[in-house]
Amino acid sequence: MNWFIGTGIFASLCLEGLTERNITFSRIITGLPTRSGRNGKENPSPVELKAIELGLSAERTGKLTENHELIRALEAEKPEYIFVIDFGQIIREPFLSCMCLNIHPSLLPKYRGAAPIQRALLNGEKFTGVTLFRLAGAMDAGDITAQAETPIAPDDNASDLYERLASMGCDIAAKALSSELAFTPQDGSLATFAPKITKQEHEASFSMTAETFCNTVRALDMSGGAFVQVHGKRLKLWRARVRPDMNAGACGEVLSTDGGLIVSCCDCGVELLEVQAEGRNRTGGLEWARGMRLKSGGIL
């Protein structure tokens, strides 16, 4: 008998992946819905939506340690494993006394925290990975039972890594659970941290290096998107690539609209592959440039 506790998108991918690998759950527990819009529309969590898609039931909870009904069920059912993934709450007793396992999308102890995928991309990492570990009192500091590594390709964005790392995490979890678990303590002296992305970090600038600019775009494609200010309005950036073959001009200068929209950063060009103007749908960068009548030498 296993439980699953999770809320976010990464958790929903892991729920699907673990279920596909014949790891079943007697209880699926998720956070309360968020609300949006003037009418306060209720938005179920990604895990709840995934459970419905899979024909499973999910139960909602507020603060876990205040859910006395769930605590009584924990004592009565004594689950063998509790997968706690992307839940957004600190797990405390009596849950920690159970075998609480987490699939974390980094090579712990690197990138402990809420945004490991985004931080790895922002920092220009060439490799990342996934870790299966047992929860402890401190954040992402528990003993490790399995890890797997993967390279980060130049065109990988956050959504690519969410999918890949969730699949890898489910693979190592299924393999680990097929035998007796063995654990290795983390070396806390090597820990780095991955705090949540702030609103200010969503704004890119052509004064950045081209690599930093593109890393920002790649990192934030699942977090509302990066943006630049163009003539007082936000232009969201969904895909971009470094163009080292294009020499830098003034920051924000249009270098070319011949086959692609290439704009100067401080060191070389970046090609804006997919953008979104305010109130518009996503479109190719060149298509947007033509609509704006941009010419080489213009400044964004």
Side-chain angles (χ1 to χ4, degrees), residues 1-19 23-37 39-106 108 111-116 131-143 145 166 169 173 177 181 183 186 188 191 193-199 223:
M1 181 182 298
N2 306 311
W3 286 15
F4 185 97
I5 302 177
T7 295
I9 294 173
F10 188 73
S12 72
L13 294 170
C14 290
L15 174 61
E16 182 174 32
L18 292 170
T19 301
I23 299 173
T24 58
F25 301 101
S26 58
R27 285 179 183 266
I28 298 170
I29 300 149
T30 191
L32 300 174
T34 58
R35 294 188 178 275
S36 63
N39 298 323
K41 179 185 176 183
E42 191 175 87
N43 302 299
S45 75
V47 163
E48 183 172 347
L49 294 174
K50 180 60 68 176
I52 293 169
E53 180 185 322
L54 297 172
L56 306 172
S57 60
E59 52 190 293
R60 301 169 175 176
T61 185
K63 193 171 182 180
L64 199 61
T65 53
E66 295 178 359
N67 190 327
H68 301 295
E69 182 180 344
L70 198 58
I71 291 172
R72 286 193 294 270
L74 180 74
E75 295 168 349
E77 296 178 19
K78 295 180 171 57
E80 183 177 8
Y81 300 108
I82 303 177
F83 278 86
V84 184
I85 304 170
D86 191 14
F87 184 49
Q89 293 186 32
I90 296 174
I91 304 301
R92 304 187 189 280
E93 296 293 0
F95 296 91
L96 276 182
S97 292
C98 301
M99 180 62 78
C100 289
L101 298 174
N102 181 280
I103 296 173
H104 185 77
S106 82
L108 291 174
Y111 294 112
R112 295 176 178 177
T131 302
L132 179 68
F133 73 102
R134 183 173 184 174
L135 290 187
M139 181 183 65
D140 298 334
D143 295 347
T145 188
L177 266 58
L181 298 181
F183 292 93
Q186 293 187 42
F193 296 92
K196 288 182 179 179
I197 302 296
T198 66
K199 291 182 179 180
S223 308

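The first residue in the sequence is number 1, and the count goes up from there. Everything numeric here is computed off the predicted structure, so don't read it as measured data.
Note: S106 OG to R112 CZ = 9.5 Å, rounded to the nearest 0.5 Å. Rounding to the nearest 0.5 Å gives a distance of 7.5 Å between OG1 of T61 and CD1 of I29. Atoms CG and CZ, from N67 and R72 in turn, are 8.5 Å apart once rounded to the nearest 0.5 Å. Taking CD from E77 and CG from N2, the interatomic distance works out to 11.5 Å, rounded to the nearest 0.5 Å. Atom CG of D86 is separated from atom SG of C14 by 8.0 Å, given to the nearest 0.5 angstrom.
In this structure a side-chain-to-backbone donor-acceptor pair under 3.5 Å is missing from H104 to I85. Here the side chain of Q186 pairs a donor or acceptor atom with the backbone of D140 at under 3.5 angstrom. N102 contributes a side-chain N or O that, together with a main-chain N or O of V84, makes up a donor-acceptor pair within less than 3.5 Å. Within the 3.5 Å criterion, the main-chain N or O of L132 finds no donor-acceptor partner in the side chain of T145.
In this structure, R134 has no salt bridge (Lys or Arg N to Asp or Glu O under 4.0 Å) partners at least two apart in sequence or on a different chain. Remark: T19 engages no residue in a side chain to side chain donor-acceptor pair (under 3.5 Å) (not counting sequence neighbours). Qualifying side chain to side chain donor-acceptor pair (under 3.5 Å) partners for N43, counting only residues two or more places apart in sequence or in other chains: S36. Scored by the salt bridge (Lys or Arg N to Asp or Glu O under 4.0 Å) test, E42 finds R35, R60 as partners (sequence neighbours excluded). Under the ring pair (Phe, Tyr, Trp, His ring centres under 6.0 Å) criterion, F4 pairs with F25, sequence neighbours left out.
Looking at P46 and I9, their side chains come closer than 4.5 Å, going by heavy atoms from C-beta outward. At least one side-chain heavy atom of W3 sits less than 4.5 Å from a side-chain heavy atom of L74. Looking at M1 and E80, their side chains never come closer than 4.5 Å, going by heavy atoms from C-beta outward. Proximity of I82 to L101: side-chain heavy atoms (C-beta onward) are nowhere separated by under 4.5 Å. Side-chain contact between F83 and I5 is absent, with no heavy-atom pair separated by less than 4.5 Å. In this structure the side chain of I103 never reaches within 4.5 angstrom of the side chain of F133, judged on heavy atoms.
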Identify every side-chain donor-acceptor pair in residues 87-98 under 3.5 Å, counting partners at least two apart or on other chains, and give the distances.
unit_1 : atom_1 : unit_2 : atom_2 : d
Q89    : OE1    : L64    : N      : 2.9
Q89    : NE2    : G62    : O      : 2.8
E93    : OE1    : S97    : N      : 3.1
E93    : OE1    : S97    : OG     : 2.6
E93    : OE2    : S97    : OG     : 3.2

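Counted by atom type alone, T7 and S45 present zero donor-acceptor pairs between their side chains at under 3.5 Å.
Between A173 and L18, the closest heavy-atom pair is CB-CD2, 4.0 Å.
Checked for salt-bridge contact, E53 and K50 meet the test: a charged N lies under 4.0 Å from a carboxylate O.
When each of I28, L70, T30 is tested with E59 by the rule side-chain contact (heavy atoms from CB on, under 4.5 Å), just one qualifies, namely L70.
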